[in-house]
Chemist: 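Okay, handing you the structure first.
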Number of protein chains: 2
Amino acid sequence: MKKYQEIFNDIKDKILSDYYSAGTSLPTEKDLQELYGVSRDTVRKALAILTERGMIQKVQGRGSLVLKQELLNFPVSGLTSYQELTQSLQLQSQTNVVELDVVSVSTSLSKLTGFEAYSKVWKIVRTRSIDGKVSVIDTDYLAHDLVPHMTREIASQSIYDYLENKLGLDISFAQKEITIEPTNREEKALLQSQDDYLVLIKSRVFLGDTRQFQYTESKHKIDKFRFVDFARRKHSL
Amino acid sequence: MKKYQEIFNDIKDKILSDYYSAGTSLPTEKDLQELYGVSRDTVRKALAILTERGMIQKVQGRGSLVLKQELLNFPVSGLTSYQELTQSLQLQSQTNVVELDVVSVSTSLSKLTGFEAYSKVWKIVRTRSIDGKVSVIDTDYLAHDLVPHMTREIASQSIYDYLENKLGLDISFAQKEITIEPTNREEKALLQSQDDYLVLIKSRVFLGDTRQFQYTESKHKIDKFRFVDFARRKHSL
DNA sequence: AAGTGGTCTAGACCACGTC
DNA sequence: ACGTGGTCTAGACCACTTT
């Protein structure tokens, strides 16, 4: 583990356990430097991650202030998988695999998904239920050359866990788009709903070496959708 | 202007103008260091911003790859004001000030907005129209002690421009939440719409010294809403 | 083996806020 | 005046990819 990651973790835990509480200041960079026995730059790297996550705010001349965490409990932002989400919130959740096939990418599907035409991809359709009620329909396309093996068993658990921990893929970044779309008959049936609209999240997901391995359309029941974000103002940089 | 900002700007412009084109590599850090006549750390700071914005991806041992920008044209993410947005997209947009008052914060309004009870705030209701059609209703609450002066004139232009450039406020970060809500009669009238739902964006916005100066509810017509985001996977850090 | 980015160090000086 | 974080430098060594 890198030193700055360990320091970040330690400070993060201390903030979450209220050892450093909201509204107070963290120790100065000089003090943290001595506390952990590292250079100032290493401390500053850890503080930079805390800043980016919205846990602290640095004010020149004053120090690093600990921010209130109340609104940040639900991290739909930042590329978190459904499985990780329900686990961290301890929700009772069930996944049902509706479809699992290998398909060839047509030219129109290529335009939508970003995958090369005529390449092979897995198509996986799943429904996600909480308290026995379907709240999400996921349609995943996975590059077949990066994910040669896939089963209903894996798809009903966490695909991300399998990709990262079994296949060792380095999932790195995503481009996402959220819109509201009219619901068709099939979607109404799957969602067991008469709502005329659903929330559609399209994402293209890439590995650390910039190869695309996934395209997903995630359709949320309109009353089950909530997106929480922490944003920093990017001045005219 | 800071050196790393200038370097960031220069590389950003070169990417946008296709001087460095998607799929190719940036010069090495050593080359950039010599090109700009700075230390390696300063180059790395500029590259870190490009990475965070999703413009490049660094791959150890290979270099900094330029990513495709196609999905990132519409930066609703990252705390951009409506005025800045319509300007950068060159949309014809009109703002109509429906209400402008000073109100005292009740206990319930305090809970919603995050402002202290019994403090004074501006309440501003505005509609935003594109091509003569209302697409957004904004309800803003601004801390009166931080913004002592407000007019219909300012509210119909850009409030953010006034706050940053006239008052010199340092707008820094926000906590945002996006949900879909049923539309009431008044909202239907303002949006000139029969839709049963609208997109609600609640945000609390803070200054660099962590004082809250704004709470906003932004209600979007459901078919006019689009949210695009670039997200990096935050491993179990 | 050579070249790339990733981490870490030690030190300097500046900008800002508080006292 | 002092203490804080912000910027910048120069150099070392490590991890990974390519040749």
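First the proteins, then the strands, lettered A, B, ... as listed; each starts at 1.
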Chemist: Would you say B:R44 places a side-chain N or O within less than 4.0 Å of OP1 or OP2 belonging to C:dG6?
Modeler: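 For B:R44, the contact criterion (side-chain N or O under 4.0 Å from OP1 or OP2 of C:dG6) is met.
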
Chemist: Given atom CZ of A:F8 and atom P of C:dG6, what is their separation to the nearest angstrom?
Modeler: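 Spelled out: CZ on A:F8 to P on C:dG6 is 19 Å.
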
Chemist: A:T95 and A:S156: which non-hydrogen atoms are nearest, and at how many Å?
Modeler: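 Residues A:T95 and A:S156, closest heavy atoms: CB-O, 3.7 Å.
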
Chemist: Once you round it to whole Å, what is the distance between P of D:dC13 and CZ of B:R40?
Modeler: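 Atom CZ in B:R40 sits about 14 Å away from atom P in D:dC13.
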
Chemist: What integer distance in Å separates B:K2:NZ from D:dT9:P?
Modeler: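 So the NZ-P distance, B:K2 to D:dT9, works out to 14 Å.
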
Chemist: Side-chain N or O of A:K3 less than 4.0 angstrom from OP1 or OP2 on C:dT7?
Modeler: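 A:K3 to C:dT7 OP1/OP2: no side-chain N or O under 4.0 Å.
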
Chemist: Where the side chain of A:S39 is defined as all heavy atoms beyond and including C-beta, which of D:dG6, C:dG5, C:dT9 is the nearest nucleotide?
Modeler: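 In terms of side-chain proximity for A:S39, the closest of D:dG6, C:dG5, C:dT9 is C:dT9.
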
Chemist: When the distance from CG of B:D209 to C1' of D:dG5 is rounded to whole Å, what number comes out?
Modeler: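 Rounded to the whole Å, the gap is 15 Å.
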
Chemist: Nearest-Å distance, CG (B:D41) to P (C:dC13)?
Modeler: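 Interatomic distance, CG of B:D41 to P of C:dC13: 18 Å.
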
Chemist: Without decimals, in angstroms, what is the distance between A:E29 CD and C:dT9 P?
Modeler: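 Spelled out: CD on A:E29 to P on C:dT9 is 14 Å.
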
Chemist: With respect to the side chain of B:K45, which nucleotide from D:dG6, D:dT7, C:dG5 is positioned closest?
Modeler: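 Selected nucleotide (nearest to the side chain): D:dT7.
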
Chemist: Distance from B:L142 atom CG to B:L146 atom CG, nearest 0.5 Å?
Modeler: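 Taking CG in B:L142 and CG in B:L146, the distance rounds to 9.5 Å.
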
Chemist: Under 4.0 Å from OP1 or OP2 of D:dT9: is there any side-chain N or O of B:T42 that close?
Modeler: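 So the side-chain polar atoms of B:T42 do come within 4.0 Å of the phosphate oxygens OP1 or OP2 of D:dT9, strictly under.
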
Chemist: Just the rounded figure in Å: distance from C1' of D:dC16 to CG of B:L65.
Modeler: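 About 14 Å, once rounded to whole Å.
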
Chemist: Any side-chain N or O of B:Y4 less than 4.0 Å from the OP1 or OP2 oxygen of D:dT7?
Modeler: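 Yes, within the criterion.
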
Chemist: Using whole Å, what does the distance between atom P of nucleotide D:dA10 and atom NZ of B:K30 come to?
Modeler: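 Rounding to the nearest Å, NZ of B:K30 and P of D:dA10 are 14 Å apart.
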
Chemist: Looking only at atom types and distance, does a side-chain atom of B:Q212 sit under 3.5 Å from a main-chain N or O of B:Q214, one as donor and one as acceptor?
Modeler: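 Side chain of B:Q212 to backbone of B:Q214, a donor-acceptor pair under 3.5 Å: yes, one is there.
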
Chemist: Judged by modelled atom types alone, do A:Q57 and A:S64 share a side-chain donor-acceptor pair under 3.5 Å?
Modeler: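 Distance-only check fails for A:Q57 and A:S64.
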
Chemist: At 4.0 Å (heavy atoms only), tell me whether B:Q60 reaches a base, stays on the sugar-phosphate, or touches nothing.
Modeler: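 Base contact.
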
Chemist: Does A:R62 put a side-chain nitrogen or oxygen below 4.0 Å from OP1 or OP2 of D:dG5?
Modeler: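 Checking D:dG5 against A:R62, no side-chain N or O comes under 4.0 Å of OP1 or OP2.
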
Chemist: Report the distance from atom CG of A:L65 to atom OG of A:S25, rounding to the nearest 0.5 Å.
Modeler: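 A:L65 CG to A:S25 OG: 4.5 Å, rounded to 0.5 Å.
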
